[in-house]
Amino acid sequence: MEMQPYDPKVIEPKWQKKWEEAHAFEAESDHAKPKFYGLIEFPYPSGNGLHVGHPRSNTAMDIIARKRRMQGYNVLFPIGWDAFGLPTENYAIKNNVHPAAVTQKNIDHFREQLKKIGFSFDYSREVNTTDPDYYKWTQWIFLKLFEHGMVFRDKTLVNYCPSCKVVLSNEDSQGGKCDICHGDVVQLPKDVWYLRITKYADRLLQGLDIVDYPENIKQQQINWIGKSTGAFVRFPIAGADESLEIYTTRPDTLFGVTFMVMAPEHPLIDKYAGRITNMDAIRAYREECAKKTEFERTQLVKDKTGLCIEGLRGVNPLTGREVPIFISDYVMMGYGTGAIMAVPAHDQRDWEFARKFGIEIIQVIKGGDIEKEAYTGDGEMINSGFLNGYTNKKDSINRVLEEIEKKGIGRAGVQYKMKDWAFNRQRYWGEPIPLIHCPHCGVVAVPYEELPLRLPDVEDFQPGTDGKSPLAHIDSFVNCTCPKCGAPAQRETDTMPQWAGSSWYFLRYCDPHNDTAFASREELDYWMPVDWYNGGMEHVTRHLLYSRFWHKFLYDIGEVGCPEPYMKRTAQGMILGTDGEKMSKSRGNVINPDEIIDEIGADAFRLYEMFMGAFDQAIPWSTNGAKGCRRFLDRVWRLQEMLVPGDGYSEGLNCLMHETVKKVSLDYEAMKFNTAIAAMMTLVNEMYAAGSVTMGEMRTLLLLLNPVAPHITEEMWERCGFEGTMVRQSWPTWDEAAMVRSEIEIAVQVCGKVRGRIHVPADMTKEQAEAELPAREDVQKLLGGKTVVKAIYVPGRLLNLVAR
RNA sequence: GCCGGAGUGGCGGAAUGGCAGACGCGGCGGAUUCAAAAUCCGUUGGCAGCGAUGUCGUGCGGGUUCAAGUCCCGCCUUCGGCACCA
């Protein structure tokens, strides 16, 4: 009988429908079972539809989730939509439609695309951040943060994107570029709502010790948090009743201070404007600095600019020595105290500044050549009063800190590069911030029972030129009464950033339909923490940090039971265009997943995305490579023609079967999908070489391949007449004993070079082999008359003969 | 400048210190076909040789070792992240 050819267009929809009807992938309510919570970053449903990067991340977790089900776990593998955000809002403005309508359309399109790839998501737990039933709880958590003093308003210099017309957090403006439109960000003084993430800086660092993240992700977070230890020291201002406080990591160099520097925006300058004799020049310099873009300020580091503040002098609190105070934009207002003590002998930036302005350089640590550059190494302390003779940096820092505290001129302290999270956006398509401005009571929280505070319908989503959110123009939204005193009051009109909804969505998945809590504690305690979270590297210093922060806060107020949300994090590499460049519309190198699936089927598409290279590395797309994966599935399909009876493994394939089960099982766990698939390809090649496949061999092969290629394996499972569907079969096991061969082939090296191969008994010991093998005839032949000095036998591998 | 990766055939990439190049793509030869596609079989790192075989080969220069793609020291190139962070 002629066998039907492999036709994914028929079998893929067939099985997708069957799975859906059987609710095959819905998490079970049975809390007695061991659980596995696998998570992928929920997508932003953009108008462009799915790109080939989504399936790479999703397939990887899908493989793990499917394997876990077969291992007997109760698996939660959810999906949802991170749907607030500017691209949708901008599209809505441009096309004159409501963002909610755009969002719904995009979500429907995404869901349809994901279903076509056969991911084993639990669609019954879908969440959507723009759904009022969801953002009610985003607002609820915000109010909890507010209640606990974690929300504050401050007028400071903030990152502002003139093109998107929004204030951005530090995380959203890395490198001085807007994260949304990639345009230049400017610094403006603005009144902004902040979340006190810096209060959690230390905890966010410590938490990294108990989680399983790749080292580079940990490092990036550590660098972003940027903790440094040092000291705050007050330098009295000569002739005034006030001090200029500085932060330094090198208090041991206090005796080498020859000047001080303030940031251009430092408030003390205005306070003493009357005493400063060159205030006009100072004002001119400040204006010059304000005009510089982030790029100019950071890239032109070679040439330091600045100006001496005439009429203000600082006094070194340890030596009594008077030093000049400068203003310069190499000191930032946003870090430390906005002022520094300058030690040109031992800090390269101070050294360059001193050289330019002809300031004295006093060496206090022996070493280097301070005529050429600052010496930042260790050495014996000199010119440093009570510190003279100290040779250990730690000791001298401890000694000087002791002295500073004794004299009451400062204290030890820490600083972080991370800043508080600028949290409000002047845009429409986000969660309304549930706060009310009352003329009598100040800022008042919207009562919990009034949540969700819904987004009002508006005609015009365009942000105002006045820097206000579109909501500010809706009187019916803005005007309200104060919940405290009943007086007429006004609502906050800014919305939350896109990162708000994604900071806790993994909690909602645990209990997505709960309308009395964001999730019940019982469900949270069962499912949390997330066992395995896969996503992209671009979220390491944004979403990953923000959500850890929210989670730790919820933990502190007793709402969740675990201190870290994600036990294990992995990250996939980016898929590049066939030209090796990042995919982009403008380059015209975008691969459309729909077209690939249409051509080779979803299973081959999944297979190729996992096979193309190391999972965590960037990799260019290869059209032929993808076809090769389809070819492999065709070969698997045709194995049906070679089926012979037998539940076990045939003698010739027995070893390889066990080896492959082991290899594939371990490689999936390590996300080494490429080598797992290679092992299955080798097995299939050997089956062809053998000319027949037993039922038992077929069964195992289908089980191993199922997580990667679920449709074809289900279809073949059915055609082979195996029981049930594959979803809840048991994962195959291997037997180490079965993998031992009686005789093995090893390489023979002479002086480290391979000269030939011989067969030896597998159970030969090292001693035995080294004593007996050199004398063997086939070994002697390879020696070419040389005399063996030493023999080294590596069991199962090789024999190396050192010979003369 | 700092932090973290990566440099291996024509290409994507494999290799607990132990036979470099698994697996796939591409190429070449053959079978099948009227022909092509598809499929199947064989072959495929460079150089020399009809051949067995020899020889050179994992970015560069040293080193450790019986044995180095892998470990150590010193560089180069490249990608990603941060960056005047006191």
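Since we're looking at a predicted model, the values are computed, not measured. Just so we're on the same page: letters track the sequence lines, and every chain starts at 1.
Across the P atoms, G42(B) and C25(B) are found 14 Å apart, a figure rounded to whole Å.
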Table please: side-chain donor-acceptor pairs of residues 539-546 of chain A below 3.5 Å, with sequence neighbours left out.
| residue | atom | partner | partner atom | Å |
| --- | --- | --- | --- | --- |
| His539(A) | ND1 | Glu41(A) | OE1 | 3.0 |
| His539(A) | ND1 | Glu41(A) | OE2 | 3.2 |
| Thr541(A) | OG1 | Gln174(A) | NE2 | 2.9 |
| Arg542(A) | NE | Glu171(A) | O | 3.1 |
| Arg542(A) | NH1 | Glu538(A) | O | 2.7 |
| Arg542(A) | NH2 | Asp179(A) | OD1 | 3.3 |
| His543(A) | ND1 | Ser502(A) | O | 3.4 |
| His543(A) | NE2 | Tyr533(A) | OH | 2.7 |
| Tyr546(A) | OH | Ser169(A) | OG | 2.9 |
| Tyr546(A) | OH | Glu171(A) | OE1 | 2.8 |

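Remark: the Ser228(A) side chain and the Tyr247(A) side chain contain an N/O donor-acceptor pair separated by less than 3.5 Å. Tyr330(A) and Thr305(A) share no donor-acceptor pair across their side chains, judged by distance under 3.5 Å alone.
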RNA chain B base-pair string [pairs: Watson-Crick or G-U under 3.5 Å; |: paired with another strand]: (((((((..(((.....[....)))((((((.......))))))((((....))))..(((((..]....))))))))))))....
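OP1 or OP2 of U16(B) has not a single side-chain nitrogen or oxygen of Arg797(A) nearer than 4.0 Å. Look at Arg635(A) and you'll find a side-chain N or O under 4.0 angstrom from OP1 or OP2 of C40(B). For Asn685(A) and G24(B), the shortest distance from a side-chain N or O to OP1 or OP2 is below 4.0 Å.
Below the 3.5 angstrom threshold, one finds a donor paired with an acceptor across the side chain of Lys304(A) and the base of C84(B). Not a single donor-acceptor contact under 3.5 angstrom links the side-chain atoms of Asn624(A) to the base of C25(B).
Within residues 607-616 of chain A, the residues having any heavy atom closer than 4.0 Å to RNA chain B are, in order of number, Phe611(A), Met612(A), Ala614(A). Of the residues in residues 759-770 of chain A, not one places a heavy atom less than 4.0 Å from an atom of RNA chain B. Using a 4.0 Å cutoff on non-hydrogen atoms, the parts of residues 217-227 of chain A near RNA chain B are Gln219(A), Gln220(A), Asn223(A), Trp224(A), ordered by number.
For Met332(A), the listed nucleotide lying nearest its side chain is C84(B); candidates were A6(B), C84(B), A14(B).
Geometric assessment of Arg638(A) against the ring of Tyr6(A) yields a negative cation-pi assignment under the 6.0 Å and 45° thresholds.
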Sugar-phosphate or base contact per nucleotide [nucleotides 53-58 of chain B; S, B, -; heavy atom under 4.0 Å]: -SSS--
